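Here the structure comes first, spelled out in structure tokens, and everything after it is commentary.
It should be emphasised that the depicted structure is a prediction, and the values quoted were computed from it without experimental measurement.
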Amino acid sequence: MHADLSRLTFRPERRYSAVVAQQGRVQLDADLNEQTAIQLHQARTLAADLIGRHGGPRDAPGFRIEYLGGRHDIDTLNIHGGRYYVDGILCDATRPARGTPVPDENAEESDAPAEEPPAHWTYWDQPDAFRDPEKPGDRLPSPAQAPFVVYLNVWERAVSAAEDPALREVALGAAMPDTAARVKVVWQVLPLSLAELNIEDAEPAKEDVRAAFDKWAERQAAPSARLAARSKRPDHADEDPCLVKPDARYRGPENQLYRVEVHAGGEAKDATFKWSRENGSVVFPVDEIDGTWVQLASLGHDDKLDLDVGDHVEVVDTAYASRLEPLPLLRVEELDLPGRRVRLSAEPDQHIGRLPHLHPFLRRWDHHESPRHKGRTTSLKSGAVPVTEGEWLHLEDGVEVYFAKGGTYRTGDHWIIPARTATGSVEWPVDPARRPLLQATAGIARHFAPLALVKGEYGVVDLRRSFNPLASSIPAADEATLAAEEQAAREERAAEDPSRGRSQTTAEAEAAVEGDE
């Protein structure tokens with residue numbers, strides 16, 4: 001997640017069940033975040049063990065798919081509300097009801113009320129997919145030509161106050177930095193052709209589609225890219241020994257959390273990456289984009305968290321972050337600090353950053369050029385660093401990374417590398433010989449579930465699964481036992497205190513006598 005963190009310490013293989021705070025100790029964000037991660041891991045593991053890979057409650061299963069095509073200007077899907085679990089992650093398709101505004105005192109009685117939105121989502125307005133009818137790749141396939149599968153894509157991403165201003169406590173003042181970030185469950189209903197599932201039958205059985213989808217999901221959820229990191233003292237380390245220890249391999253003056261993130265995915269020859277020494281958390285809310293000039297709502301609080309000429313930035317908004325489709329990184333060419341403006345090397349994409357309700361912002365990345373290796377430097381590709389496999393690549397201050405050969409890369413996947421001045425090194429798993437170990441990505445973890453097989457005029461085949469609630473009525477035998485136990489308890493109380501132990505029948509009889517009198 002893009003957040004200002006010290007490090008991430010949760011490791012499920014360690015089997016920790018709780019974080020225990022000790023008196024008189026320093027509180028760290030990593031400890032609090034690990035406790036949250038432990039509880040979330042336990043809850044989702046339990047849900048997945050009980051439910052299976054995916055399923056919804058039988059009385060309120062969510063994501064029922066209804067296909068609307070043919071007679072409409074553009075084909076769409078109705079996504080009906082309810083809950084559904086994918087690998088233990090709760091996805092809720094219930095559409096929030098719009099609030100009722102206070103009537104306008106000056107409005108005429110004949111003014112028609114605003115039209116209520118539908119009670120369900122559609123393919124085009126689902127909250128986190130941001131499908132665009134103008135993009136051919138976003139349009140639904142034609143079921144008249146071939147049936148297609150509709151599936152649920154689920155993952156999580158971080159949201160900061162730059163994207164959701166409601167997270168900021170205004171009582172702290174405008175100059176105060178934001179507080180905690182949030183992690184959001186992103187669900188997207190997307191189409192998938194039978195050819196991508198390796199299904200040749202035009203009329204496949206439901207279980208055959210489910211089995212083929214499970215195989216496809218396993219391939220998609222298991223990225224092959226691996227990376228190792230290390231710190232190596234440069235051959236000509238001439239930093240001031242008063243600031244950096246002479247024998248330090250990590251030469252930075254401050255503790256950092258490096259983030260190496262895949263920008264453009266694909267095979268190594270096409271893939272690029274970007275890196276940040278602040279875990280990609282340095283962002284600047286955007287007020288307006290005018291050509292290559294970007295008006296910012298605020299600048300950084302100090303030189304470390306500010307922008308400078310030569311920095312590479314990414315224009316981000318809610319739609320861009322959710323679609324995970326890379327656009328060229330742009331270079332800061334000029335600063336207008338009094339006016340809170342920056343001039344970029346090119347005009348941002350017309351589809352990004354122009355809608356205020358999507359909360360656009362700039363995200364700063366800290367690479368300035370491709371890493372040098374054996375005296376040569378390769379140029380950046382669309383502002384990002386080309387992936388080079390099988391070689392150690394120098395980032396800065398002695399931090400180096402190594403991409404394993406034969407990897408396949410996905411946009412948004414990333415690795416986290418803590419660098420510490422106390423040890424003069426980076427924290428990374430090593431073998432007994434102190435050789436860095438190749439690691440799979442720290443995220444993004446993607447989860448998939450089939451929802452429906454759309455066959456056009458022949459209907460929609462539901463591929464969802466459901467589960468029954470565990471609770472049920474108490475058996476009659478148990479009711480009799482409970483009644484006997486309650487009667488025995490009353491008799492026991494009566495023996496101890498006759499005035500309190502009168503039976504209900506006796507009390508009713510006495511009340512009846514008093515009434516006759």
Any donor-acceptor N or O pair under 3.5 Å, side chains [X], [Y]:
X: S281; Y: N279; answer: no
X: E34; Y: Y16; answer: no
X: W216; Y: E196; answer: no

Taking NZ, NE, NH1 and NH2 as the nitrogens, is one of them in [X] or [Y] under 4.0 Å from a carboxylate oxygen of the other?
X: K184; Y: E163; result: no
X: K215; Y: E218; result: no
X: D125; Y: R95; result: yes
X: K381; Y: D270; result: no

Closer than 3.5 angstrom, by distance alone: can the side chain of [X] be matched with the main-chain N or O of [Y] as a donor-acceptor pair?
X: H414; Y: G412; result: yes
X: Q188; Y: D128; result: yes
X: Q439; Y: P429; result: no
X: S224; Y: T408; result: yes

Item to check | Audit row: Q295, D287, side chain to side chain donor-acceptor pair (under 3.5 Å) steps and yes/no | outcome: CA-CA 5 Å; Q295 178 80 44; D287 279 345; 5.2 Å; no
Heavy-atom side-chain contact between [X] and [Y] under 4.5 Å:
X: V385; Y: T272; answer: no
X: R277; Y: Y258; answer: yes
X: F148; Y: V150; answer: yes
X: L90; Y: V185; answer: no

Checklist entry - Which residues pass the ring pair (Phe, Tyr, Trp, His ring centres under 6.0 Å) test with Y85, sequence neighbours left out? => result none
Checklist outcome for this item: Minimal heavy-atom distance between G383 and L329, with the atoms involved, is O-CD1, 3.4 Å
Next on the checklist: Which residue in the set K274, R446, R259, R226 passes salt bridge (charged side-chain N to carboxylate O under 4.0 Å, His left out) when paired with D413?
Outcome noted: R446
Item to check | Listed once per pair and sorted, the salt bridge (charged side-chain N to carboxylate O under 4.0 Å, His left out) pairs that draw on residues 132-142, sequence neighbours left out | outcome: R131-D138, K135-E325, D138-R323
Checklist entry - To the nearest 0.5 Å, what is the distance between CD1 (I65) and CG (L453)? => result 12.0 Å
Checklist outcome for this item: When rounded to the nearest 0.5 Å, the distance separating NE2 of H359 from OG of S160 is 11.0 Å
